[in-house]
Amino acid sequence: MSVWLSYTPRPQTRKPRNDLLNEYTISLTGSGGQAASFCQIICTMANFQKLTSRQEDYSKWYNELVVKADLAEQSAVRGCMVIKPYGYAIWETIQHELDRRFKEQGVQNAYFPLLIPKSFLSREAEHVEGFAKECAVVTHHRLMNDPNGKGVVVDPNARLEEELIVRPTSETIIWSTYKNWISSYRDLPILCNQWCNVMRWEMRTRLFLRTAEFLWQEGHTAHATKEEAEDYARRMLDVYADFAENIMAIPVIKGVKSANERFAGALNTYCIEAMMQDGKALQAGTSHFLGQNFAKSFDVQFLSKENKYEYVWATSWGVSTRLMGALIMTHSDDNGLVLPPALAPVEVVIVPIFKKAEDLAALMEKLDPLADELRRRNIRVKVDTSDQSSPGFKFANYELKGVPVRLAMGGRDLENGTIEVARRDTLTKETLPIEGIAEHIEQLLADIQRNCYQKALAFRTEHIRTCDSYEEFKTEIQKGGFLLCHWDGTPETEERIKEETKATIRCIPLDPLPGFQEETGKCMVTGKPSPRRVVFAIAY
RNA sequence: CGGGAAGUAGUUCAGUCCGGUGGAAUACCUGCUUUGGGAGCAGGGGGUCGCAGGUUCGAAUCCUGUCUUCCCGACCA
């Protein structure tokens with residue numbers, strides 16, 4: 001049986017703030033054979049607290065979502081954000097999951113200073129070339145009362161002899177330290193990571209995507225051989241890819257950066273690239289093979305088994321709070337945030353629907369044991385017994401915040417022994433017998449996690465295509481998505497493409513993409529031979 | 001850092017052209033009625049109009065400077 005219903009919103013005397021109506025499909029299916037009716041009801045409802053739709057203005061949608069879902073907000077300091085508790089809880093889960101994986105790779109955490117002597121940044125010429133322009137500089141170490149009586153001023157007598165740089169990344173301070181830690185091959189490898197903040201004086205900032213200060217982890221390793229270092233850089237890339245796909249539910253392309261996009265000071269930069277819903281690319285993590293560049297700059301040598309001095313080989317790798325941006329732009333919709341269960345601070349919210357305290361008490365007799373059972377299954381549960389807002393408000397609010405599963409139970413359910421189960425990713429809901437519901441929820445969460453990934457993968461697959469003509473490329477690339485093209489391997493060609501189209505080579509894929517054969521060809525711009533197709537896109 | 005727009009109540013915005021005791025919606029507080037998709041009615045509180053100067057008898061409004069945010073560009077290791 002399949003019944004179509006239409007939901008009529010409660011009459012509103014109040015004028016809707018806007019006429020944005022969300023269209024939902026409505027269907028109700030019941031099957032006589034099952035113990036309970038299976039309902040799939042999705043409704044048409046007025047969206048009172050308007051979130052700009054993605055189609056209308058993607059950028060605005062993102063900005064509003066970050067604030068309305070309570071993830072982060074602007075601070076009093078230009079370009080610096082406040083990460084709010086709900087957003088930080090997601091970041092903590094990201095940290096926890098990554099940290100566990102790092103430790104499986106033998107990594108230990110450590111901490112290095114925030115401030116770096118200016119002279120350190122002059123040591124590795126190429127490295128400095130890359131980012132010296134956007135650093136914050138500490139010049140004084142004391143304040144004094146303003147002689148004119150208004151607040152405090154910098155004490156002109158407290159100028160630092162050597163200015164200090166707020167770390168934009170820690171390679172230099174770490175390698176100056178590693179020099180003291182390393183004398184023999186027996187000291188190697190060193191596998192350290194630090195969770196910290198860094199600062200880059202960005203001109204244009206956006207919450208999570210590009211802020212002046214941001215949180216990240218940076219791993220820095222030292223090895224005796226080139227092979228071991230190269231292998232380690234690759235291995236950490238695999239760790240990132242595994243994490244992105246299994247925890248964040250974001251499909252990524254593992255690849256190598258072209259010379260133009262390579263980290264300054266690295267011999268090779270690996271990356272994972274993700275596609276956002278607007279078709280733009282976002283680099284979700286990088287891992288660098290640094291060769292002996294930093295070892296030479298900071299004179300870090302070790303005595304080998306053969307009693308010979310050799311420079312050590314290095315890697316560094318990192319992901320940042322930018323991942324929060326990737327998470328939002330991969331899964332969320334016009335109703336708000338959508339979180340894969342693995343990262344959701346609350347995986348299941350339970351909303352009792354009641355009028356009087358007695359009603360609530362009766363409902364809680366069923367709901368408390370259910371919440372306990374879910375918690376025993378290691379599911380993060382919140383029971384919202386507050387009578388401060390209506391059930392409808394709670395529904396909309398938890399949707400905005402991306403809670404994967406919502407359970408609602410009212411008087412009717414209590415009589416029937418049922419509970420309403422709504423899932424955020426598909427916006428569907430069904431009424432099920434409460435008997436055995438915990439098992440069902442556990443499976444449902446796993447299903448939602450899979451579905452988030454599959455949906456994102458399907459979207460990416462739809463928006464990857466090959467392109468062999470540069471003329472065609474110029475128009476196609478503006479439509480968004482990834483274009484697989486032949487390229488002659490020269491920085492000049494890439495530079496020309498970037499100038500003319502704003503598109504860059506996101507990566508040279510390590511593995512053939514699903515559905516695409518690896519093949520040689522001719523560069524779409526110059527016609528010179530190309531060993532394989534590379535990924536072009538407009539990037540964040 | 002260049003070009004554009006904007007900063008007025010917690011939020012979204014009107015008021016600024018044409019100077020004369022600062023508004024709406026929503027949010028908030030109280031009470032009653034409500035509660036299965038963003039509740040209703042009644043009452044109430046809340047703003048140095050971003051900041052600093054200047055013009056004026058008088059400035060949210062005019063002028064100068066400055067800070068912040070958003071959009072476009074440059075930059076983004």
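Keep in mind the model is a prediction, meaning the values are calculated, not measured. In what follows, every chain begins at residue 1, and chains take the letters A, B, ... in the order their sequences are listed.
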Take the protein atom CD of A:Glu64 and the nucleotide atom P of B:rU69, then report the distance between them rounded to whole Å.
-> 18 Å
Between B:rA25 and B:rG44 - P atom distance, rounded Å = 14 Å
Re B:rG36: Watson-Crick or G-U wobble partner, both distances kept under 3.5 Å, found to be none
Integer angstrom distance from the P of B:rA27 to that of B:rG10 | 15 Å
Value in whole Å for how far the C1' atom of B:rG36 lies from CG of A:Leu407 = 14 Å
Gap between atoms CG and C1', on A:Asn63 and B:rC70 respectively (whole Å) = 8 Å
Using distance only, find each side-chain donor-acceptor pair of residues 288-296 of chain A under 3.5 Å and give its atom names and separation, not counting sequence neighbours.
unit_1   : atom_1 : unit_2   : atom_2 : d
A:His288 : ND1    : A:Thr269 : OG1    : 2.9
A:Gln292 : NE2    : A:Tyr311 : O      : 2.9
A:Asn293 : ND2    : A:Gly265 : O      : 2.8

Would you say a side-chain N or O of A:Asn397 is under 4.0 Å from OP1 or OP2 of B:rG37?
-> no
For the pair made of CD1 in A:Ile353 and P in B:rG38, what is the distance, rounded to whole Å?
-> 11 Å
Any idea which heavy atoms bring A:Val338 and A:Ser332 closest together, and the distance?
-> N-OG, 3.1 Å
Using atom P of each nucleotide, how far apart are B:rU26 and B:rC41 to the nearest Å?
-> 9 Å
Can you tell me if A:Lys366 uses its side chain to pair, donor with acceptor, with the backbone of A:Leu414 under 3.5 Å?
-> no
Of all the nucleotides listed (B:rU69, B:rU35, B:rG37), which has the minimum atom distance to the side chain of A:Arg78?
-> B:rU69
Going by distance alone, is a donor N or O of one side chain under 3.5 Å from an acceptor N or O of the other, for A:Asp413 and A:Thr418?
-> yes
Close N or O pairs between protein and nucleotides 7-12 of chain B (under 3.5 Å):
none

Provide the distance between the two P atoms, one in B:rG37 and one in B:rA24, to the nearest whole Å.
-> 32 Å
Base-pairing mate for B:rC49 - Watson-Crick or G-U, with both contacts under 3.5 Å = none
Along RNA chain B (nearest heavy atom to each residue), the more 5'-positioned of A:Ser75 and A:Arg206 | A:Ser75
Working to the nearest 0.5 Å, report the span between CE of A:Met409 and CZ of A:Phe354.
-> 14.0 Å
How far, in whole Å, is B:rG22 from B:rU48 if one measures between their P atoms?
-> 12 Å
Between B:rC28 and B:rU21, how far is it from one P atom to the other, in whole Å?
-> 32 Å
In whole angstroms, the gap separating C1' of B:rU35 from CG of A:Asp413 amounts to 15 Å
RNA chain B nearest-nucleotide lookup for A:Lys60 and A:Ala408: closer to the 5′ end is A:Ala408
Whole-Å distance, A:Arg412 CZ to B:rU35 P, equals 12 Å
Write down the distance separating the C1' atoms in B:rU8 and B:rA60, rounded off to the nearest Å.
-> 7 Å
In whole angstrom, give the distance that lies between atom OH of A:Tyr58 and atom C1' of B:rC70.
-> 18 Å
Check every strand shown and say whether A:Asp387 touches a base, only sugar-phosphate, or nothing at a heavy-atom separation below 4.0 Å.
-> nothing
Can you name the nearest heavy-atom pair linking A:Asp334 to A:Ser53, along with the distance?
-> OD2-CB, 3.5 Å
What does A:Gly318 touch in the nucleic acid at a heavy-atom separation under 4.0 angstrom: a base, only the sugar-phosphate, or nothing?
-> nothing
Please state the C1' separation for the pair B:rC13 and B:rC72 - nearest whole angstrom.
-> 24 Å
Is the number of heavy atoms from other residues, nucleotides or ligands within 6.0 Å of CD (A:Glu500) greater than 12?
-> yes
Please report the closest heavy-atom contact between A:Val346 and A:Lys382, naming both atoms and the distance.
-> CG1-CB, 3.7 Å
Look at the side chain of A:Lys429 and the base of B:rG37, then say whether one donor and one acceptor between them are separated by less than 3.5 Å.
-> yes
With both distances kept under 3.5 Å, what pairs with B:rA42, Watson-Crick or G-U wobble?
-> B:rU30
For B:rC18, which nucleotide is its Watson-Crick or G-U wobble mate, given both distances must be under 3.5 Å?
-> none
Is there a donor-acceptor contact under 3.5 Å linking the side chains of A:Thr169 and A:Glu171?
-> yes
Modelled atom types, side-chain donor and acceptor of A:Thr221 and A:Thr315, under 3.5 Å = yes
B:rA25 pairs with which nucleotide, Watson-Crick or G-U wobble, both distances below 3.5 Å?
-> B:rU11
Check whether any side-chain N or O of A:Ser390 sits under 4.0 Å from OP1 or OP2 of B:rG38, and answer yes or no.
-> no
Counting Watson-Crick and G-U wobble pairs only, both distances under 3.5 Å, name the nucleotide matched with B:rG2, or none.
-> B:rC72
Nearest-Å distance, CE (A:Met409) to P (B:rG37)?
-> 17 Å
Can you check each nucleotide of nucleotides 72-77 of chain B against protein heavy atoms at under 4.0 Å and return B for base, S for sugar-phosphate only, - for none, in 5' to 3' order?
-> BBB-BB
State whether a side-chain donor-acceptor pair under 3.5 Å links A:Ser170 with A:Glu218.
-> yes
Under 4.0 Å between any heavy atoms, over every strand shown, what does A:Thr205 touch: base, sugar-phosphate, or nothing? Just pick one.
-> sugar-phosphate
In terms of heavy-atom contacts, A:His220 and A:Ser316 come closest through ND1-CB, 3.6 Å
